[in-house]
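Report on one structure; see the data block that follows.
Scope of the values below: all heavy atoms of this structure, side chains included, with no hydrogens, waters or symmetry mates. Model, not experiment: these values are computed from the prediction. Convention: sequence-line order gives letters A, B, ...; per-chain numbering from 1.
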2 protein chains.
Amino acid sequence: MNIGEVAIVSGLPAKTIRYYEDIGLVKPLRDTNGYRAFRTRDAHKLTFLGRARALGFSIEDCRKLLALWADDTRASADVKALAKDHLSAIDDKIADLQDMRQTLDHLVRECAGDHRPDCPILQSMARQTVMNSKASG
Amino acid sequence: MNIGEVAIVSGLPAKTIRYYEDIGLVKPLRDTNGYRAFRTRDAHKLTFLGRARALGFSIEDCRKLLALWADDTRASADVKALAKDHLSAIDDKIADLQDMRQTLDHLVRECAGDHRPDCPILQSMARQTVMNSKASG
DNA sequence: ATAGGGCTTCCCCTTACTGGAAGGTCAAGG
DNA sequence: CCTTGACCTTCCAGTAAGGGGAAGCCCTAT
């Protein structure tokens, strides 16, 4: 398989596949003309990578997942630990975004959104914390 | 104010403040010794930037917000529009993360997490879509 | 022979900073 | 006067995960 074909079957852009080769995630063979020659298992690996990335795993996590996948003697506990860590990272991100969302939503609701300049959104970002008496030199 | 002091009062790292000067968000004066000399309004601007960034606004959005803030003739509608756009971008991100979260949480619950190699997490990432009969050459 | 599409490498660009090196400045202490 | 240490300066490089595009080779069809 050339890169174009494997791009189609894996669903990844050719650029991405070249990049994955650069960083050592896949190691396709080479034809005599210099073209990359992907075997079926390379394609499977790329599909795996696409799925793992779609679940938000970092490239380095993907590298570990690939290693576990390739290792018949793995313990599922190791995979689960990786996944749980990632899950809690996702939860943290969601929480951060929801905090932002709530603050911003509140401000948006308060803002008249008309032709006048008065704006609670700007006010909330401009508001000086009244505490810095010692730093106001 | 030197950069160290304004870093404390604005809550931003000195590195970040230098970067903001580089990209034209603040324009502090210079002392004869070459040190940046921040005025009170520079400090306010930086505080504003810190708040806007904390709400997730991009640097380019921050640039627009600063311009609106500085413009006495602004319409609050313009600020509100910016904020609403950002709010919906946040909502999109939250939705993406929640999709990931749900899939991953499901897989984690299914995984025994013991010494055995069998792992639904890996299986779900490795599963080949059975559709590609024409591409399996 | 030539056109076109696919492939190659290479380098720069992105976001929003962060780290670090090499060196100038300033105030305190001996 | 000299040193020490904290501060400041600029500049360079790196981060994550690729994307864009140039210059040029390869292959097939006409």
Listed pairs under 3.5 Å, donor-acceptor, residues 95-102 of chain B side chains, sequence neighbours left out:
residue : atom : partner : partner atom : Å
R101(B) : NH1  : D91(A)  : OD1          : 2.6
R101(B) : NH1  : D91(A)  : OD2          : 2.8
R101(B) : NH2  : D105(B) : OD1          : 3.4

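- Contact record, A83(A) with L104(B): O-CD2, 3.9 Å, taken as the closest heavy-atom pair.
- Contacts of S76(A) classified as side chain to side chain contact (heavy atoms under 4.5 Å, CB included), with partners at least two apart in sequence or in another chain: C111(B), A112(B), D114(B), C119(B).
- Separating the CZ atom of R30(A) from the P atom of dT8(C) is a distance of 6 Å, rounded to the nearest angstrom.
- Within residues 91-103 of chain A, no residue has any heavy atom closer than 4.0 Å to DNA chain C.
- Listed by chain and number, the residues in a side chain to side chain donor-acceptor pair (under 3.5 Å) with R74(A) amount to none (sequence neighbours excluded).
- Annotation: ring-ring contact (aromatic ring centres under 6.0 Å, His included) contacts involving residues 70-105 of chain B, sequence neighbours excluded, comprise F57(B)-H86(B).
- Each end of the helix from dA1(C)-dT30(D) to dG30(C)-dC1(D) yields a helix axis from five base pairs, and these two axes differ in direction by 40° (to the nearest 10 degrees).
- A distance of 11.5 Å separates CD1 in I8(A) from CD1 in I3(A), rounded to the nearest 0.5 Å.
- Partners of D85(A) by side chain to side chain contact (heavy atoms under 4.5 Å, CB included), not counting sequence neighbours: none found.
- Note on residues 25-39 of chain A: pairs passing side chain to side chain donor-acceptor pair (under 3.5 Å), not counting sequence neighbours, are E21(A)-R30(A), E21(A)-R36(A), R39(A)-D42(A).
- For the atom pair CG (L107(B)) and CD (Q123(B)), the distance works out to 10.0 Å, reported to the nearest 0.5 Å.
- In summary, contact between chain A and DNA chain D, defined as any nucleotide atom under 4.0 Å from a heavy atom of the protein, begins and ends at dA17(D) to dC27(D) in the 5' to 3' direction.
- We find the CG-CG distance between L49(A) and L66(A) to be 4.5 Å, quoted to the nearest 0.5 Å.
- For the residue pair A43(B) and M1(B), the shortest heavy atom distance occurs at CB-CE, 3.6 Å.
- Among the heavy atoms of the strands lying under 4.0 Å from R18(B) is at least one base atom, whether or not backbone atoms are also near.
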Which atoms of nucleotides 21-26 of chain C (N or O only) lie under 3.5 Å from a protein N or O atom, and what are those distances?
residue : atom : partner : partner atom : Å
dG24(C) : N2   : Y35(B)  : OH           : 3.0
dT25(C) : O4'  : Y35(B)  : OH           : 3.4
dC26(C) : OP1  : N33(B)  : ND2          : 3.1

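- The side-chain heavy atoms of K80(B) and K84(B), taken from C-beta on, include a pair separated by under 4.5 Å.
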Shorter than 3.5 Å, N or O on both sides, protein versus nucleotides 13-16 of chain C: list them out with atom names.
residue : atom : partner : partner atom : Å
dA16(C) : O3'  : R53(B)  : NH2          : 3.4

Going by atom type alone, with no hydrogens or angles, which donor-acceptor pairs under 3.5 Å involve a side-chain atom of residues 10-17 of chain A and a protein atom two or more places apart or on another chain?
residue : atom : partner : partner atom : Å
S10(A)  : OG   : V6(A)   : O            : 2.7
S10(A)  : OG   : L12(A)  : N            : 3.2

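- I3(B) comes within 4.0 angstrom of the backbone, heavy atoms only, and of no base.
- Summarising the geometry of V9(B) relative to T47(B), their closest heavy-atom pair is O-OG1, 4.1 Å, with the distance given to 0.1 Å.
- Distance CG (D22(A)) to C1' (dT9(C)): 10 Å, rounded to an integer number of Å.
- Taken from CG in L55(A) to CD1 in I90(A), the straight-line distance is 7.5 Å, to the nearest 0.5 Å.
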